[in-house]
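A short write-up of the structure that comes next.
Numbering of residues begins at 1 and proceeds along the displayed sequence. Side chains included, hydrogens not; waters and symmetry mates left out as well; all remaining heavy atoms used.
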Amino acid sequence: MNPALTVTAPPAAPGALPMAGHLWQILRDPLLFFERQHIGAGARTGVVVVRVGPRPVHLVTRPDLVRQLLADPGTFDKGGIFTEGVRTLAGNSVATCPAADHQVQRPILQPAFQRRRIVDYSRVTEACADALARSWQDGQRLEMVQSMHRLAAEVVTRTLFSGPGTVQAGQDIQRLFPHLLAGLYRRMLLPVAWVHSMPLPANIGYRAALNGINRIIDREIQTYRGGGRDRGDLLSAMMHATDPRTGAALTDTELTEQVVGMLMAAIETTGSAAAWLLHILSAHPQVEEAVLGELRIAVGDRPLRAEDLGNLPLLKRVFAEVLRLYPPFWLLSRVTTGPAVLGGHHIPGGADIVFSLYCLHRDARAFPFPHRFDPDRWLPDRVSDAQQEAHLPFGAGTRQCIGDVFGRTAIPLVVATLLRHWRFRHATGREVTPLVKGTLRPSPLSMVVTRRTAAFAP
Ligand code: HEM
């Protein structure tokens with residue numbers, strides 16, 4: 001028999017305990033655990049089975065296989081161990097629904113992310129970042145992850161709801177959102193339904209936050225329905241969009257699920273990526289200076305616009321490198337809709353599949369000296385095919401991030417706006433390391449801001 005055609009069962013990761021499997025190792029240090037699988041059995045085979053408690057989970061470790069599964073949503077559908085927790089929140093939204101619904105939902109929402117709209121959203125983004133920069137005091141110490149998540153929540157809620165009375169809605173969502181994320185994180189780590197339905201304070205707080213957010217969104221939808229016109233924001237775009245095949249618009253319940261899904265997908269990712277970018281720039285002052293030099297030449301001291309980003313190639317490379325080292329969604333999941341073969345391995349129907357963008361982005365075969373920050377690896381003549389294949393911060397295929405252009409625009413815009421006003425320095429000598437929450441966050445990130453006195457002072 002031709003060995004190339006042999007289909008085998010994927011190997012099991014070593015070190016599983018009888019009931020707990022690898023759960024304790026995953027909880028203790030998730031990044032280390034998954035990195036070890038990538039270097040160990042997974043490096044040879046491309047697929048390795050880890051156990052989350054008694055549940056077998058197929059970890060895919062090769063970028064070509066990850067691309068293959070992302071290109072085949074009919075077999076490797078959205079779902080699995082980490083998506084289940086998000087579904088308790090965002091229901092059947094575009095970010096969580098199975099492939100059959102996704103074919104209908106994605107084209108309905110896509111117009112909300114046209115380039116023309118992104119330019120409008122970026123005006124809001126720049127205004128929010130500018131207001132934040134003006135609110136700080138010289139020498140102030142800031143918890144930068146919190147600040148960036150708050151800013152991201154403001155940007156996302158203000159691009160979602162732009163009406164004059166909706167500032168309060170945005171603030172209420174920003175207040176409730178951290179409770180929702182904490183609950184979501186618990187559900188992702190421990191996907192056991194009965195634990196989360198017990199009358200514990202954490203569960204009660206989570207339910208209250210979810211009900212509160214749903215009420216706010218519902219109120220906004222009713223206000224918009226009363227107004228009738230397109231306000232140029234995300235909610236308007238979603239309300240005016242119709243199914244190209246049937247002409248049907250989204251119902252109120254569908255809209256609420258989409259908005260919650262959008263908040264979940266957008267705020268944490270954008271806030272964490274902005275915090276990482278600030279951390280990396282202040283840890284590399286020469287790169288920071290070069291980015292400022294580029295800004296001076298391309299923009300001078302007039303307000304920054306989304307259109308300027310095309311003239312800031314170094315900032316773009318630094319951002320690509322930050323997303324490589326610290327992809328906010330570091331682990332993604334899928335579920336097989338029937339028996340499948342991947343990389344010569346048999347995978348049963350209904351199996352959990354996971355893949356780690358963090359580990360793929362640190363594979364030395366695609367990225368020489370993978371732990372080194374090197375924005376110049378993104379210079380056009382240095383980008384290899386292997387590097388392109390393994391770099392997936394926004395995913396790929398039909399489920400690629402719908403907000404990728406928005407994120408790629410908003411985050412450099414925010415950071416460049418803040419950087420022109422302030423110098424950022426770490427407040428303590430403590431090492432900043434990735435902390436796994438809903439996304440990958442820099443921790444601890446306490447920074448002191450000093451007002452710039454030269455060309456960019458406000
Ligand atoms: C740095 C910023 C961001 C990163 C790194 C990021 C990353 C990702 C990734 C990796 C996926 C694919 C998940 C999967 O395949 O399972 C995704 C999906 C998604 N993202 Fe983003 N995202 C970012 C910002 C945003 C923003 C700003 C929005 C909206 C305003 C957004 C909305 C969504 C939605 C709705 C999906 C689901 C798309 C679908 O399944 O069709 N994201 N994101």
Side-chain angles (χ1 to χ4, degrees), residues 67 69-74 76-79 83 86-87 89-125 152 155-162 217 220-221 224-225 228-270 273 306-307 309-310 323 328-329 332 334 392-413:
R67 292 249 174 209
L69 77 88
L70 289 176
D72 183 5
F76 300 95
D77 203 353
K78 191 85 179 210
T83 310
V86 188
R87 276 193 185 138
L89 262 181
N92 208 36
S93 73
V94 71
T96 51
C97 66
D101 293 339
H102 190 255
Q103 281 178 2
V104 179
Q105 291 197 22
R106 179 90 183 208
I108 295 182
L109 295 178
Q110 200 68 54
F113 293 91
Q114 283 165 351
R115 278 191 185 271
R116 177 177 60 82
R117 296 261 182 192
I118 303 288
V119 171
D120 292 344
Y121 305 152
S122 67
R123 305 265 183 265
V124 177
T125 307
V155 166
V156 174
T157 48
R158 280 186 53 187
T159 44
L160 260 169
F161 317 121
S162 68
I217 296 170
E220 288 305 312
I221 291 171
Y224 274 48
R225 288 232 188 274
R229 67 188 173 83
D230 185 341
R231 298 172 194 238
D233 57 14
L234 256 171
L235 183 59
S236 292
M238 289 187 198
M239 289 180 75
H240 286 85
T242 50
D243 182 339
R245 295 171 307 178
T246 62
L250 294 171
T251 64
D252 286 2
T253 312
E254 286 167 343
L255 270 172
T256 306
E257 285 181 351
Q258 296 297 355
V259 171
V260 173
M262 208 58 81
L263 294 171
M264 303 296 318
I267 295 177
E268 267 272 307
T269 46
T270 309
E307 300 85 314
L309 294 176
L323 288 179
F329 279 152
L332 296 173
R334 294 291 188 270
L392 287 157
F394 292 95
T398 52
R399 308 306 288 246
Q400 177 161 337
C401 178
I402 201 169
D404 59 350
V405 180
F406 186 8
R408 282 184 207 280
T409 310
I411 296 160
L413 200 62

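Note on ring orientation: taking the six-membered ring where Trp is involved, the planes of Tyr121 and Phe113 are perpendicular (angle over 60°, cut-offs 30° and 60°).
By the 4.5 Å heavy-atom criterion applied to side chains, Asp120 and Val124 are not counted as neighbours. Between Glu220 and Leu235, some side-chain heavy-atom pair lies under the 4.5 Å cut-off. Counting only heavy atoms from C-beta outward, the side chains of Met239 and Leu255 approach each other to under 4.5 Å. Contact of the Arg334 side chain with the Leu70 side chain is registered, since non-hydrogen atoms from C-beta on lie closer than 4.5 Å. Within the 4.5 Å cutoff, side-chain heavy atoms of Leu263 are placed close to those of Leu160. Under the 4.5 Å side-chain criterion, counting only non-hydrogen atoms from C-beta, His102 is not in contact with Lys78.
Considering every non-hydrogen atom in both Val260 and Ala90, the closest pair reads CG1-CA, 4.2 Å. In terms of heavy atoms, Leu109 sits closest to Met262 at CD1-CE, 4.3 Å.
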- Task: Test side chain to side chain contact (heavy atoms under 4.5 Å, CB included) on Leu392 and Arg67 and set out the steps.
- Result: CA-CA 9 Å; Leu392 287 157; Arg67 292 249 174 209; 3.4 Å; yes
- Does the side chain to side chain contact (heavy atoms under 4.5 Å, CB included) test come out yes or no for Val155 and Thr270, once each step is laid out? CA-CA 10 Å; Val155 166; Thr270 309; over 6 Å; no
- Message: Determine whether Thr246 and Val104 satisfy the following criterion, side chain to side chain contact (heavy atoms under 4.5 Å, CB included), listing intermediate values before the conclusion.
- Response: CA-CA 10 Å; Thr246 62; Val104 179; over 6 Å; no
- Task: Decide yes or no on side chain to side chain contact (heavy atoms under 4.5 Å, CB included) for Asp252 and Arg225, but give the supporting numbers first.
- Result: CA-CA 10 Å; Asp252 286 2; Arg225 288 232 188 274; 2.7 Å; yes
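Thr96 and Ser93 share a side-chain donor-acceptor pair at under 3.5 Å.
Using modelled atom types, no side-chain atom of Gln258 and backbone atom of Gln105 make a donor-acceptor pair closer than 3.5 Å. Of the possible polar contacts, none joining the Gln400 side chain to the Phe394 backbone as a donor-acceptor pair under 3.5 Å is found. In this structure a side-chain-to-backbone donor-acceptor pair under 3.5 Å is present from Thr159 to Val156.
In this structure, the separation between CG on Asp101 and CD on Glu254 is 9.0 Å, given to the nearest 0.5 Å.
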